[in-house]
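What follows is a short report on a single structure.
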Amino acid sequence: MLKTHNCGELRACDAGSTVTLAGWVHRRRDHGGLIFFDLRDRSGIVQVVCDRSAPPQTQETASTLRPEYVVQVRGRVLRRPQGLENPDLPTGEIEVAASELTVLNPSRTPVFYINEESEVDEALRLRYRYLDLRRPRLQRNLILRHRTVKFIRDFLSERGFIEIETPMLIRSTPEGARDYVVPSRLHPGCFYALPQSPQQLKQLLMVAGFERYFQIARCMRDEDQRADRQPEFTQLDLEMSFVDREDVLELVESLFTALVPAVSDRRILQVPFPRLSYQEAIARYGSDKPDLRFGLELVDLTPLAAESSFQIFRQAVAAGGAVKGMRLPGCAGYSRKQIQELTDLAVKNGAKGLVWIARSTDEIRSPLSRAVGEGEMQALVHALALEPGDLGLTVADDARVASLVLGALRSELGPRLTALDDRVLAFAWVLDFPLLEWNAEEGRWQAVHHPFTAPLDEDLPYLEADPGRVRAKAYDIVANGYEVGGGSIRIHRREVQERMFRVLGLRDDEARTQFGHLLEAFEFGAPPHGGIAPGIDRLVMLLAGEPNIREVIAFPKTQRAADLMLGAPAPISERQLEELGLLVRVEKGANPA
RNA sequence: GGAGGCGUGGUGCAGCGGCCUAGCAUACCUCCCUGUCAAGGAGGAGAUCGCGGGUUCGAAUCCCGUCGCUUCCGCCA
């Protein structure tokens, strides 16, 4: 080793010993005859001092040091003179008096500051990711990620789970996200798909009798990015045999409640995690992943609206819709402009309009005043629980739309109106998702979760007759407004799986071609099984208090799915194309790199 | 596919029709300096204002297009 100690671990008790350190020059403070520099390695920072008593060669070298030079220092650990300790530094009681100093590698002036936490253009950070990764923020995040994953591995191993790797080169199947595909050289014209998740493989591992499987699994989906979505991401993929929903929920809940205090200073708001049905989540929060750190619950005004003298309310209810409302405490003073912004947001989310009621101390202002009498207005104010100073918002529409619109407003306003504490994690379960949803564009039913999700037993009879009313044995775990994971109890009988495929519009021969392996496996004694797949990136993001998952991924991609450091994606050579039997047709307007 | 934001010395920002011969901070270079820890002092160098086109007597500034980063909608079994 080129070093005997780590910089950040030296303490007063090491005073007197001679150490060899190696690391990066963090900062240099040159007083002429006296030079200080901070030496940094992964463990932290220690001050090195070099004065006239040091060998001339050492003094000479010290004066040439620049930020990010890689150096090796040999010297004695000394207690700092009285009054010169630095209480802000864990190593602040001591310093290292350099006797030998070697530059192992000089450095260009860094393209951005390594030694302070400043904002840097995202493209520059990604282009020089190895420099960004030197900074404390990403060092801290990736170490947290390591500890999180290690905790998970240990926790599940102790509970009888076996970690098994599944292939990255698999078969493309319909349904779900767009696949990343890999051309086959040995089978020209054929392609592998990279897994969107190891879903079918882990189910087959249950058929294989492993009973409890997990994997820290990389997944790829060729869809557009978000702050919490990267083209490749990592899931804790797990599956269990002979379980029902309750077993999976209990396992994950005990994992998370143990994990959070073990690796972070975060606090879980409520244990056991609150449970909401999907219907309840939509009705009360207008979202299937509500942020439960704040209230702003939705109110159902439909019964009142049915009798309203305001035509829009009455018509919405008559058409089978609903009128839903939300109380914004202390917002009665919102300006015309602010209310217009809320209206724009509502319209963007599908509302036809937004009706507001502002209650100040002595009056009630609302565009409704002209349409409804005082009695009805009082009833609305009462139903919305408006106190003086509050603003009420209402949306009349199809019940689902009305809820989702207010849910969008809730997500936007919650953090603005509440001092949100990101040290709090508000975990919750959302249960009883619908099994299917109607895809109007394609004119067919599609799986809300995935096609292997089991229907609730009592809803199974309606699978063909009324697909929309069938609920699934599916569950999501959410936290602070993010979907942290989703899972289900799976179908394990061939005939049910075949019925499911048929409802999804898959012909029997198509199902056999694409899912024959699974259907066949179900004939060989497939046990009842189920599982879940929490997203590691989102989980660590929440534990780290980061606003996006790039901050917890070593080498993330941009919103356009590019790796700015490697320059990927990139064209490949003619020779490679030929070997793969591929002809590339670049469309007009496309931009090859 | 769509909507918004951003793009100005290495970095972070200001300037938003003429006062810009582009300002500030920091970094960088040279010199001075023995107790600093965001060291200090003196001096210096460094910018086709993302790119292309247009409007104008005049464009960093206005318009159009385009590229990059980002947030959101669509999309994400």
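Naming: A, B, ... by sequence-line order, numbering from 1 per chain.
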Checklist entry - Is there ring stacking between A:F112 and B:U11, where the centres must be under 5.5 angstrom apart and the planes under 30 degrees? => result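 Ring-base stacking flag not set for A:F112 and B:U11.
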
Next on the checklist: Stacking between A:H31 and B:G40, defined as ring centres under 5.5 angstrom apart with planes under 30°, is that present or not?
Outcome noted: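 So no, this residue does not stack on that base, at least one cut-off failing.
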
Write down the partner of [N] under the Watson-Crick or G-U wobble criteria, each distance required to be under 3.5 Å.
N: B:C20; result: none
N: B:U34; result: none
N: B:C69; result: B:G5
N: B:A47; result: none
N: B:G52; result: B:C64

Looking for any heavy atom pair under 4.0 Å, which part of the strands does [X] touch: base, sugar-phosphate only, or nothing?
X: A:S197; value: base
X: A:E116; value: nothing
X: A:E119; value: sugar-phosphate
X: A:P67; value: sugar-phosphate
X: A:Q559; value: base
X: A:R127; value: nothing
X: A:L124; value: sugar-phosphate
X: A:E95; value: base
X: A:N115; value: nothing

Is [X] close enough to [N] that one of its side-chain N or O atoms is under 4.0 Å from OP1 or OP2 there?
X: A:R125; N: B:U70; answer: no
X: A:S118; N: B:U11; answer: no
X: A:R66; N: B:C29; answer: yes

Next on the checklist: Looking at A:D537 and A:I549, would you say the former's side chain and the latter's main chain have a donor-acceptor pair under 3.5 Å?
Outcome noted: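 It does not hold such a pair.
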
Checklist entry - Does the A:Q59 side chain pair with the main chain of A:A54, one donor and one acceptor, at a distance under 3.5 Å? => result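 Yes, because the side chain of A:Q59 sits within donor-acceptor range (under 3.5 Å) of the backbone of A:A54.
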
Between [N] and [X], counting only base atoms on the nucleotide and side-chain atoms on the residue, is there a donor-acceptor pair under 3.5 Å?
X: A:D224; N: B:G74; value: yes
X: A:R27; N: B:U36; value: no
X: A:R560; N: B:C67; value: no
X: A:R108; N: B:G10; value: no
X: A:R29; N: B:C33; value: no
X: A:R229; N: B:C76; value: yes

Looking only at atom [atom1], what distance separates [N] and [M], rounded to whole Å?
N: B:C28; M: B:A39; atom1: P; result: 10 Å
N: B:C6; M: B:G12; atom1: C1'; result: 14 Å
N: B:C62; M: B:G68; atom1: P; result: 23 Å
N: B:C64; M: B:U21; atom1: P; result: 27 Å
N: B:C51; M: B:A60; atom1: C1'; result: 14 Å
N: B:U61; M: B:C16; atom1: P; result: 13 Å
N: B:A59; M: B:G54; atom1: P; result: 12 Å
N: B:U48; M: B:U8; atom1: P; result: 11 Å

I'd like to know if [X] pairs up with [Y] as an ion pair, taking the criterion as any Lys NZ or Arg NE/NH1/NH2 lying under 4.0 Å from an Asp or Glu carboxylate oxygen.
X: A:R11; Y: A:E93; answer: no
X: A:R178; Y: A:E223; answer: yes
X: A:D397; Y: A:K352; answer: yes

Item to check | Of residues 491-507 of chain A, the positions that come close to RNA chain B - non-hydrogen atoms, cut-off under 4.0 Å | outcome: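 Those residues: none at all.
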
So if I take every side-chain heavy atom of [X] and compare against [options], which nucleotide ends up nearest?
X: A:T109; options: B:G35, B:C28, B:U70; result: B:C28
X: A:A123; options: B:C69, B:U70, B:C72; result: B:C69
X: A:Y113; options: B:U11, B:U36, B:C73; result: B:U11
X: A:D121; options: B:G35, B:G12, B:C73; result: B:G12
X: A:E223; options: B:U11, B:C76, B:C37; result: B:C76

Roughly how many Å is it from [atom1] in [X] to [atom2] in [N], rounded to a whole number?
X: A:Q59; N: B:U34; atom1: CD; atom2: C1'; result: 11 Å
X: A:L404; N: B:C73; atom1: CG; atom2: C1'; result: 13 Å
X: A:Q82; N: B:G35; atom1: CD; atom2: P; result: 18 Å
X: A:L564; N: B:G68; atom1: CG; atom2: P; result: 10 Å

Test item: side-chain donor near acceptor, [X] and [Y], under 3.5 Å:
X: A:Q203; Y: A:Q199; result: yes
X: A:R490; Y: A:H450; result: yes
X: A:Y475; Y: A:D432; result: no

Checklist entry - Closest heavy-atom contact between A:A454 and A:I491? => result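 Smallest interatomic distance, heavy atoms only, reads CA-CG1, 3.6 Å.
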
Item to check | Nearest-nucleotide comparison on RNA chain B, the residue closer to the 5′ end among A:P110 and A:D30 | outcome: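 The answer here is A:P110.
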
Checklist entry - A:V49 or A:A562: which one's nearest nucleotide on RNA chain B is closer to the 5' end? => result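 Taking each residue's closest nucleotide, the earlier one in sequence belongs to A:V49.
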
Checklist entry - Within 45° of the ring axis of A:F37 and under 6.0 Å from its six-membered ring centre, is that where the NZ or CZ of A:R28 lies? => result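 No - A:R28 does not lie over the ring of A:F37 by the 6.0 Å and 45° rule.
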
Checklist entry - With sequence neighbours excluded, what pairs up with A:Q196 under the side-chain hydrogen bond (donor to acceptor under 3.5 Å, both in side chains) test? => result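 Here the qualifying residues are A:D179.
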
